[in-house]
Protein chains: 2
Amino acid sequence: MEQEHSEPVPAEQVAALRRFNRYFTRRIGALDDHYLGQDRPLGEARLLFEIESGDAESGDGVSLRELRSRLGLDAGYLSRMAKTLEAQGVVRVSVDPDDNRLRRVALTAAGRVEIKEQNRRANALAAGLLDTLSEPQRTELTRAMATAQRLLRLAAITVALVDGAAQDARACLDAYAADIGARFPEGFDKSDLVRPREVTGDAGAFFVAYEEGRPMACGALRTLEPGVGEIRHVWVHPDARRLGLARRILAELERAAVAHGFDVVRLDTHAVLTEAQAMYRACGYTEIPAYVDHVYADHWFEKRLAGAR
Amino acid sequence: MEQEHSEPVPAEQVAALRRFNRYFTRRIGALDDHYLGQDRPLGEARLLFEIESGDAESGDGVSLRELRSRLGLDAGYLSRMAKTLEAQGVVRVSVDPDDNRLRRVALTAAGRVEIKEQNRRANALAAGLLDTLSEPQRTELTRAMATAQRLLRLAAITVALVDGAAQDARACLDAYAADIGARFPEGFDKSDLVRPREVTGDAGAFFVAYEEGRPMACGALRTLEPGVGEIRHVWVHPDARRLGLARRILAELERAAVAHGFDVVRLDTHAVLTEAQAMYRACGYTEIPAYVDHVYADHWFEKRLAGAR
DNA sequence: CGGAACCTTTGACTAAAGTCAAAGAAATAT
DNA sequence: ATATTTCTTTGACTTTAGTCAAAGGTTCCG
């Protein structure tokens with residue numbers, strides 16, 4: 001688990017968040033949800049929307065199972081709603097070809113028309129709201145919302161210490177390997193990934209960042225030699241980049257390193273990962289000569305840890 | 001009614017607003033509403049909250065009538081909910097002393113305790129969210145939310161041409177007079193306000209800005225001499241200042257002046273209203289010699305209108 | 001192969017949220 | 001003073017949203 005930081009949140013900032021939350025949900029948020037549902041109960045509208053976005057992602061339909069977990073609905077309730085939507089002709093329910101227990105739900109043409117119309121209305125509503133503002137004001141608003149959203153996302157992400165053999169850990173490492181493999185001219189061999197044992201217990205640490213339950217970033221710490229830790233596999237999901245998440249993972253790893261009694265941490269990185277190098281420098285890492293001969297490494301960094309005894 | 005501006009809203013800005021709206025209402029807004037209701041159905045929780053805020057405003061309770069219009073509830077539904085809350089001991093319902101048809105609802109001590117506890121939880125939740133951010137990030141978030149809120153408020157305000165004798169117009173002018181009277185060392189005499197006839201039809205115009213149905217700002221245009229209009233009584237409610245509303249009223253008045261065939265508009269202002277003077281200058285007004293001998297005027301401005309024939 | 005785990009459907013409920021209309025009491029308009 | 005309007009209450013609904021458990025197919029695992 002994450003260590004708690006000592007500085008308390010100023011009451012004024014808490015009040016500002018609540019004030020904004022109240023204003024936004026009462027005034028603006030209502031725009032979408034209320035008027036948008038039109039003739040459809042909210043539950044059905046939400047379901048339809050979720051089917052649409054799942055459908056768009058994966059091509060041919062979403063399974064009831066996935067909808068259930070995404071919307072947190074009761075199986076019976078969902079089953080009935082799906083049936084209602086099918087009776088109305090907006091979705092088609094079929095048996096999953098790969099697993100006959102599952103049902104896949106996909107939009108029909110009529111369903112797509114309805115979604116499109118809903119989107120048209122929502123856009124018109126939003127445009128109507130923005131219309132009274134001048135262009136510079138709209139630009140300012142857009143920028144402010146983007147900033148707020150970025151920071152709120154970051155705030156909602158939690159970083160957890162997990163076992164190096166845990167499924168989420170391996171999933172992150174697989175994604176990391178695939179990602180890196182595509183960027184390195186020489187590819188990447190999975191056998192170079194840390195072994196679960198290296199990053200567990202006294203030997204090291206493995207952190208995974210979760211956004212709404214999904215693993216979105218990771219980072220590993222292992223023992224290089226007595227008193228020296230090595231940071232490896234700092235990776236952030238493409239959808240969660242530019243939030244400042246890598247820095248948080250790094251900070252977590254450094255805290256863990258201090259807790260493990262390391263005085264110094266080292267890491268290596270590849271020439272093509274220029275953003276990563278910039279980040280390490282900005283976080284207090286200094287370039288050092290090669291401490292190990294890795295196939296994939298061109299640059300080596302080190303940081304002396306302040307908190308170490 | 002407001003003239004529509006010609007420039008259309010860029011699709012990217014509409015998408016940004018909708019993206020933010022979706023993210024915020026699903027993720028953050030849920031924080032408050034869901035968990036906050038605790039043991040209470042949402043409808044009751046909302047009602048209790050509305051009673052609290054109405055109570056805090058006006059001292060001794062809110063009428064059912066007002067609650068009904070604020071929350072948009074059915075009379076029967078509201079009556080029953082109020083009764084439920086009374087049975088639970090969190091509110092007290094009494095007959096309005098001034099109008100025996102009305103019922104006033106006020107929180108009991110137990111009700112106040114519950115609200116307080118709810119606030120405590122909501123604050124803890126918000127603080128927990130902000131806690132993961134660093135201080136500079138929190139400051140940035142707070143600033144971004146304040147900007148977004150200011151602009152969204154401004155966007156939600158509509159400016160309408162109203163009859164100078166309309167109730168909202170007179171209410172604004174009364175507030176204006178009281179406001180000005182308190183700021184001018186010599187006070188202010190209501191007989192100096194424009195007459196309804198001066199600002200109606202061909203003679204002039206009167207605009208009122210509405211936020212959620214409440215009049216929040218006004219401005220008048222009258223005929224000074226043929227081809228010359230005079231702008232008077234530009235006023236913004238204290239709760240709506242620093243939004244840029246005065247500029248919008250001014251722009252509306254100028255548009256009306258062009259439509260009335262005025263080539264130029266003039267206005268006078270008092271020495272103590274320094275912000276107003278700065279605004280007029282920033283909006284293209286230039287200082288001129290006195291064009292009329294008003295008791296309350298120290299500075300006179302004029303603007304030649306571009307759109308005039 | 002047999003049992004455990006999984007996914008969905010169905011039946012039988014409940015609580016919340018809301019609608020509609022009739023009726024009574026009080027205030028306002030004529 | 002009488003009619004009309006306003007505000008609330010009450011009874012009699014309906015729809016939405018959701019829960020729980022039993023049961024019937026499928027797939028997975030040993």
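In what follows, chains carry the letters A, B, and so on, assigned in the order in which the sequence lines appear, proteins first and then strands, with residues in each chain numbered from 1.
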Please give, in whole Å, the distance from [N] [atom2] to [X] [atom1]?
X      : N      : atom1 : atom2 : result
B/L64  : D/dT6  : CG    : C1'   : 13 Å
A/Y77  : D/dT15 : OH    : P     : 15 Å
A/R68  : C/dT9  : CZ    : C1'   : 12 Å
B/D74  : D/dC13 : CG    : P     : 16 Å
B/L102 : C/dG24 : CG    : C1'   : 16 Å
B/L42  : D/dT16 : CG    : C1'   : 14 Å
B/R80  : C/dA21 : CZ    : C1'   : 12 Å
B/L73  : D/dT9  : CG    : C1'   : 16 Å

>> Base, sugar-phosphate or nothing for B/G43? Non-hydrogen atoms, less than 4.0 Å.
In response: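 Answer is sugar-phosphate: B/G43 comes under 4.0 Å of backbone atoms only.
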> With respect to the phosphate group of D/dT8, does any side-chain polar atom (N or O) of B/R103 fall under 4.0 Å of OP1 or OP2?
Replying inline: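 It does not, given that no N or O in the side chain of B/R103 lies less than 4.0 Å from OP1 or OP2 of D/dT8.
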> OP1 or OP2 of D/dA17 sitting under 4.0 Å from any side-chain N/O of A/R46?
Replying inline: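 No, A/R46 has no side-chain N/O under 4.0 Å of OP1/OP2 on D/dA17.
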Under-3.5 Å N/O pairs linking protein and nucleotides 26-30 of chain C:
unit_1, atom_1, unit_2, atom_2, d
C/dA27, OP1, B/N100, N, 3.0
C/dA27, OP1, B/N100, ND2, 3.4

Is there a side-chain contact between [X] and [Y], using heavy atoms and a 4.5 Å cut-off?
X      : Y      : value
A/L85  : A/V93  : no
A/L193 : A/L173 : yes
A/C172 : A/W235 : yes

> When the nearest nucleotide of DNA chain D is assigned to A/E44 and to A/G76 on a heavy-atom basis, which residue is associated with the more 5' position?
Replying inline: A/E44
> How far does CE of A/M81 sit from CG of A/L73, to the nearest 0.5 angstrom?
Replying inline: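 A/M81 CE to A/L73 CG: 5.0 Å, rounded to 0.5 Å.
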> Short question: side chain of B/R170, backbone of B/G164 - any donor-acceptor pair under 3.5 Å?
Replying inline: yes
> If you pin A/S63 and B/M81 to their nearest nucleotides in DNA chain C, which one's is more 5'?
Replying inline: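 So the residue in question is A/S63.
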> Listed by chain and number, what are the ring-ring contact (aromatic ring centres under 6.0 Å, His included) partners of B/Y23, not counting sequence neighbours?
Replying inline: none
> Do you know which two heavy atoms are closest between A/P215 and A/Y210, and how far apart they sit?
Replying inline: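 Where A/P215 meets A/Y210 most closely, the heavy atoms are N-CD2, 3.8 Å.
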